[in-house]
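A quick write-up on the structure given underneath.
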Amino acid sequence: MRKSGILITLALSMFWAQTVLAAANIWPSGPKEVNVGQTFNVTISVSGAVDVDTIRANGNYSMDLLELKGSRPAGVFQNVSPGTFIDQVKGIFSFGAFTLSSKANGNTSLAVLTFRAKKAGAAFVQLGTSSHILSAGVEQIGSVGRLNIKVVEAAVVQPEQPQPIPTPVPEGKTVISLFSTSHPDPNVWYPNDIVLAGWKVEGKEVNKYFVGFDQDPQGPAEQIPVDSLAKFTAANDGVWYVHLGVQFKDKTFQRTDLRVQIDKSKPLPISPVADQTGVKPGIPNFLRYGTLDAVSGISRYDIYLDGQLVTSTQLLAWNLDDLKPGTHQATVRAYDQAGNFVEGSTSFRLVAEEKPVVVPPAGPDIWDQLKVLLFTLFAVLLIIFFLLWDKRRRDEQKKPRFRLRRK
């Protein structure tokens, strides 16, 4: 009885030890929002570690939005394992490290990944289930984590009334500054058709201002009252120009022009389609899409699968891999250079792997069984008859035979 109690206690202890060793969780942590062009770090950490001496972090990231520039060990893991690599084309990485001295316990950092944000969008860093947390070769990993990162364009700080940087004007010279508070960058497309323009003239006394707004780079300008602001409305999309002519009191005249790009129209309709539907998850399958924009051109495509943004890309196809069986909906949103967008959706179905149905071989029917039974019975009776006949023949041979003599 005592031995049984000891064995039960040992078994429970071993079960409890295995339960504890399987409770380590690994996850990435870092900033939730970064600017385009910003370099930042993502730390891979573990919780619930018990004497961990070897780690392997496998994962993927948004290759269209992020560039993985490098990796390094952290904490007690200062020895990088063979097989560590970064694949920028596929957006995957594998980082391995080990320690020969102190072991990792509890919550600790394992590695640091350095990224650079390339383009605005919803990015992610995801650790895979093929990652490992080992203690003397025993796996401890319980779960893996994901970090979602919002990449935004760096905010351009514009004053309410932007003014050129003041510089000393040489004597006898004139400086004319023409700018827009609503469309500050002449190389950027804007979706608003109301143009606010301002100007500043230094060096000479002004007699008259002439202002114009049209789509001719050298268009005419009309005289206006003395002022330093003007408001225009673009009649249609395209490239427009603000013209400013200045007549000075010394009877001289100077002119300057400002380019403005306006696109408030959506791109043409988009109709995404999957290569195949009703196929197994392992069959190659791509989502294909594309459209045109008549004014500013297409900037990017945002792809949503089952309502979740998965990538922002300029490619015209997306690989529909790693999806579970069932019906899925894909939505593609196409943006032009001014931020206008149009979207289209499609659905496709993936079927589960069919397991072969094993049909047991059919047994003989009752008539076949009856035939076998009758044949067997007949054979037994025949054998019995033969044995009886043979016995009788032998008995007859043993009997004495008498012959009568004739006198």
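Side chains are part of it too, since the values below use all heavy atoms of this structure and drop only hydrogens, waters and symmetry mates.
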- Message: A quick test of your reading: do over 12 heavy atoms of other residues, nucleotides or ligands sit less than 6.0 Å from CD of Gln215?
- Response: yes

- Message: Aromatic contact between Tyr61 and Phe124, with the criterion being ring centroids under 6.0 Å apart: yes or no?
- Response: no

- Checking ring pair (Phe, Tyr, Trp, His ring centres under 6.0 Å) for the pair Tyr301/Tyr289: CA distance, chi angles, key distance, verdict? CA-CA 9 Å; Tyr301 296 96; Tyr289 45 86; 5.2 Å; yes

- Which heavy atom of Pro269 sits nearest a heavy atom of Val342, and at what distance? CA-CG2, 4.2 Å

- Task: Quick one: closest heavy-atom pair of Ser180 and Leu196, and the distance?
- Result: OG-O, 2.8 Å

- Does the separation of the ring centres of Phe179 and Trp199 fall below 6.0 angstrom? no

- Item | Sub-4.5 Å side-chain heavy-atom contact between Tyr335 and Pro267 | no

- Message: Strictly distance-based, threshold 3.5 Å: is any side-chain N or O of Thr291 a donor or acceptor partner for the main-chain N or O of Leu268?
- Response: yes

- Distance in Å, Ile86 CD1 paired with Thr114 OG1, rounded so as to fall on 0.5 Å steps: 9.0 Å

- Task: Please round to the nearest 0.5 Å and tell me the distance separating atom NE2 of His183 and atom CD1 of Ile194.
- Result: 8.5 Å

- Query: With distance as the sole test, does Ser135 use its side chain to make a donor-acceptor pair with the main-chain N or O of Asp51 at under 3.5 Å?
  - Reply: yes

- For Phe232 against Ala197, the heavy-atom pair lying closest together: CE1-CB, 4.2 Å

- Which heavy-atom pair separates Ser143 from Asn25 by the least distance, and what is that distance? OG-OD1, 2.7 Å

- Message: Less than 3.5 Å apart, any donor N or O on the side chain of His132 or Glu139 sitting next to an acceptor on the other?
- Response: yes

- Message: Heavy-atom count check: over 12 atoms from other residues, nucleotides or ligands less than 6.0 Å from Lys103 NZ?
- Response: yes

- Task: Begin from the C-alpha positions of Lys32 and Lys150 and carry the test side-chain contact (heavy atoms from CB on, under 4.5 Å) through to its verdict.
- Result: CA-CA 6 Å; Lys32 302 295 184 183; Lys150 182 179 181 181; over 6 Å; no

- Message: What I want to check is whether the side chains of Arg349 and His328 have a donor and an acceptor closer together than 3.5 Å.
- Response: no

- Pair Asp306-Gln329, side-chain donor/acceptor within less than 3.5 Å: no

- Item | Stepwise side-chain contact (heavy atoms from CB on, under 4.5 Å) check, Tyr241 with Val239 | CA-CA 7 Å; Tyr241 297 89; Val239 179; 3.7 Å; yes

- OH on Tyr190 to CD1 on Ile262, rounded to 0.5 Å: 11.0 Å

- Query: What's the shortest heavy-atom distance between Arg288 and Asp275, and which atoms?
  - Reply: NE-OD1, 2.8 Å

- Message: Any donor-acceptor pair under 3.5 Å linking the side-chain atoms of Asn58 with those of Arg56?
- Response: no

- Is it true that Lys264 and Asp193 have a side-chain N and a carboxylate O under 4.0 angstrom from each other? yes

- Message: So which atom in Val144 and which in Leu127 form the shortest heavy-atom distance, rounded to 0.1 Å?
- Response: CG2-O, 3.5 Å

- For the residue pair Phe115 and Phe40, does the interplanar ring angle fall in the parallel (under 30°), tilted (30 to 60°) or perpendicular (over 60°) class? parallel

- Task: Indicate yes or no for a side-chain donor-acceptor contact from Asp263 to the backbone of Pro191 under 3.5 Å, with no hydrogens or angles considered.
- Result: no

- Task: Without swapping roles, check the side chain of Ser109 against the backbone of Ala111 for a donor-acceptor pair under 3.5 Å.
- Result: no

- Query: In a check of side-chain contact (heavy atoms from CB on, under 4.5 Å) between Leu178 and each of Asp257, Val201, Leu244, Val211, which one passes?
  - Reply: Leu244

- Query: Is the shortest distance from a Lys or Arg side-chain nitrogen in Lys118 or Asp64 to a carboxylate oxygen in the other one below 4.0 Å?
  - Reply: no

